[in-house]
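To start, the structure under review is shown below, and the notes come after it.
Side chains included, hydrogens not; waters and symmetry mates left out as well; all remaining heavy atoms used. Below, read A as the first sequence line, B as the second, and so on, with proteins coming before strands; counting in each chain starts at 1.
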Protein chains: 2
Amino acid sequence: MVKNERTAPRPSAKREAILDAAQACFLEQGYAATSMDAVASGATVSKATIYAHFASKDALFAAVICRRCDNSSYTTGWPDGSGEAREALLAAGTVLMTLLLAPETMAMYRVVVAEAVRQPDLARAFWEEGPGRGKERLTALFAGLAERGVLRVADPWVAADQFAGMLRAEVFHRLLLGLPLPDGRTIETTVAAAVETLLRAYS
Amino acid sequence: MVKNERTAPRPSAKREAILDAAQACFLEQGYAATSMDAVASGATVSKATIYAHFASKDALFAAVICRRCDNSSYTTGWPDGSGEAREALLAAGTVLMTLLLAPETMAMYRVVVAEAVRQPDLARAFWEEGPGRGKERLTALFAGLAERGVLRVADPWVAADQFAGMLRAEVFHRLLLGLPLPDGRTIETTVAAAVETLLRAYS
DNA sequence: GTCTATAAAGCGATAGAC
DNA sequence: GTCTATCGCTTTATAGAC
């Protein structure tokens, strides 16, 4: 850890505590309902200290979202695309949908969507680092399967779009609205149904 | 128009003006960023008049959402399911996706999602009157096509879920975040691709 | 950098006249 | 029902001591 970090501010203990507390507040209660007093209290820090690190509430919010985006790169279980098509799609679908339905992801999505109109740059960054990146990996997977001839996909982008869409159907939208799920619909059944449909369509 | 309306309050000119102004504010700026002063100004009415009609800001918001839900029943162009499967699905998909991508629908979705945690009852009402109703119609359509034997669908709910999901894929989520659309992706191409995929899978 | 204390403004909601 | 005027509270942000 040399001191040669010009772009990002170097992490300090207080700064991290502030970001942690702010993330908890923003994700649980939304942007507007979160007060700087609540963040200060959560971080056991005075409000003035927050303003020493972040220019404004907007800047603090942006910092929280960006930090979260940078950390959203865990891809354990992602298939390399070398085996059977069904196997690869089941693995990819399970990874994506598990990440998608994680409470933290849902909360993140809610708050970014809510603030998208007010902070367009943030919405763009969120998409590119989050859903957009997953979409690219999925497109690459379909392209690889098509190239190897195990799947007859004319346009990998469209196939990835359809796959992602089927994963993010009613289950996702009900969770986003905080509603109970329909009986018997789980990650496994949804992924399996989507994979079977795609295999029948593209074989 | 007899005076026998016990449930809903009878419409008055001022009341409607308030609801119109409130809807414009809430959908454009969100719940928290909308002040009662702004609504009063938009309706050319005093703030006290608003409180004569609505108990609180929350109540006003709920009234706006519910009124909008009641009006979202235009189904021009919805297929009766008597003809060919491709024809019926193309028609249904176009109707759904056109409604889905309408700016007003997008704004509504944004604000309801943002307030879902704080007002769960409202989120539930929105789902049942909006997306839920569309989903039911779609499920019935698939069930009818399956019954007539023109489509081999084991579970109409799953088929409807997948169709709706494919319609609400990247295009929908990018619009929700206020981002530009990828080149060459329109309502027509998305609907057509989804229909072809489902036909290949379920024929 | 970090604190306490406070400024300055905006908010939802209400009182009281008409 | 509708208005004007205002209350009481919370908010973001800052000043000044250390």
Side-chain angles (χ1 to χ4, degrees), chain A residues 1 3 5-6 8-65 67 111 114-115 117-119 122, chain B residues 1 3 5-6 8-65 67 111 114-115 117-119 122:
Chain A
M1 293 289 183
K3 59 174 180 178
E5 292 174 316
R6 267 168 298 183
R10 65 161 176 276
S12 84
K14 296 259 179 189
R15 189 189 165 89
E16 288 304 307
I18 293 169
L19 283 172
D20 288 341
Q23 171 171 322
C25 290
F26 283 137
L27 292 196
E28 278 170 29
Q29 309 166 6
Y31 178 84
T34 295
S35 72
M36 297 298 261
D37 280 304
V39 175
S41 166
T44 23
V45 145
S46 83
K47 219 170 18 169
T49 302
I50 300 181
Y51 282 99
H53 286 273
F54 305 94
S56 67
K57 188 182 175 183
D58 275 350
L60 175 59
F61 182 68
V64 167
I65 302 296
R67 184 183 67 153
V111 70
E115 296 302 310
V117 182
R118 232 173 42 84
Q119 307 210 40
L122 216 55
Chain B
M1 295 288 182
K3 59 174 179 177
E5 292 176 317
R6 267 168 298 182
R10 65 163 178 276
S12 84
K14 295 257 180 189
R15 189 188 165 88
E16 288 304 308
I18 293 169
L19 283 172
D20 289 341
Q23 171 170 322
C25 291
F26 283 137
L27 293 196
E28 278 169 30
Q29 309 166 6
Y31 178 85
T34 295
S35 73
M36 297 299 263
D37 281 303
V39 175
S41 166
T44 22
V45 145
S46 84
K47 216 169 22 165
T49 302
I50 300 181
Y51 283 97
H53 286 272
F54 304 95
S56 66
K57 188 182 174 182
D58 274 349
L60 175 59
F61 182 65
V64 167
I65 302 296
R67 185 183 67 153
V111 70
E115 296 302 310
V117 182
R118 231 173 44 83
Q119 307 210 39
L122 215 57

Given atom [atom1] of [X] and atom [atom2] of [N], what is their separation to the nearest angstrom?
| X | N | atom1 | atom2 | result |
| --- | --- | --- | --- | --- |
| B:Lys57 | C:dT14 | NZ | P | 15 Å |
| A:Phe54 | D:dT12 | CZ | C1' | 16 Å |
| A:Asp58 | D:dT12 | CG | P | 11 Å |
| A:Ile50 | D:dT12 | CD1 | P | 10 Å |
| A:Phe61 | D:dT12 | CZ | C1' | 17 Å |
| B:Tyr51 | C:dC11 | OH | P | 11 Å |
| A:His53 | C:dC3 | NE2 | P | 9 Å |

_Taking the minimum atom-to-atom distance to the side chain of A:Lys47, which one of D:dT4, C:dC3, D:dT12 wins?_
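Nearest to the side chain of A:Lys47 among the choices is D:dT12.
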
*From the options D:dT14, C:dT2, D:dC3, select the nucleotide whose nearest atom is closest to the side chain of A:Lys14.*
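Out of D:dT14, C:dT2, D:dC3, the nucleotide with an atom closest to A:Lys14's side chain is C:dT2.
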
_Contact list please: residues 21-40 of chain B against DNA chain C, heavy atoms, distance less than 4.0 Å, in numerical order._
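Close to the strand are B:Thr34, B:Ser35, B:Met36.
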
*asked:* How close do A:Leu19 and A:Leu60 get, counting heavy atoms only, and between which atoms?
replied: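 Looking at all heavy atoms of both residues, the closest pair is CD2-CD1, 4.2 Å.
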
_Give me the atom names and distance for the closest heavy-atom approach of B:Ala43 to B:Ala21._
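Closest approach of B:Ala43 to B:Ala21: N-CB, 3.6 Å.
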
*Using the six-membered ring of A:Tyr31, assess whether NZ or CZ of A:Arg118 lies under 6.0 Å from its centre and within 45 degrees of the ring axis.*
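Yes, a cation-pi geometry.
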
_Among A:Val45, A:Thr34, A:Val64, the one residue meeting side chain to side chain contact (heavy atoms under 4.5 Å, CB included) with A:Val39_ =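 Output: one option passes, namely A:Thr34.
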
*Taking C-beta and beyond as the side chain, do B:Lys57 and B:Phe26 meet within less than 4.5 Å on heavy atoms?*
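Of all side-chain heavy-atom pairs linking B:Phe26 with B:Lys57, at least one is under 4.5 Å.
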
*Any ion pair linking B:Arg67 and B:Asp20 (charged N to carboxylate O, less than 4.0 Å)?*
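Salt bridge: yes.
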
*Phosphate OP1/OP2 of C:dC3: any A:Thr49 side-chain N/O under 4.0 Å*: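 Yes, because at least one side-chain N or O of A:Thr49 sits under 4.0 Å from OP1 or OP2 of C:dC3.
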
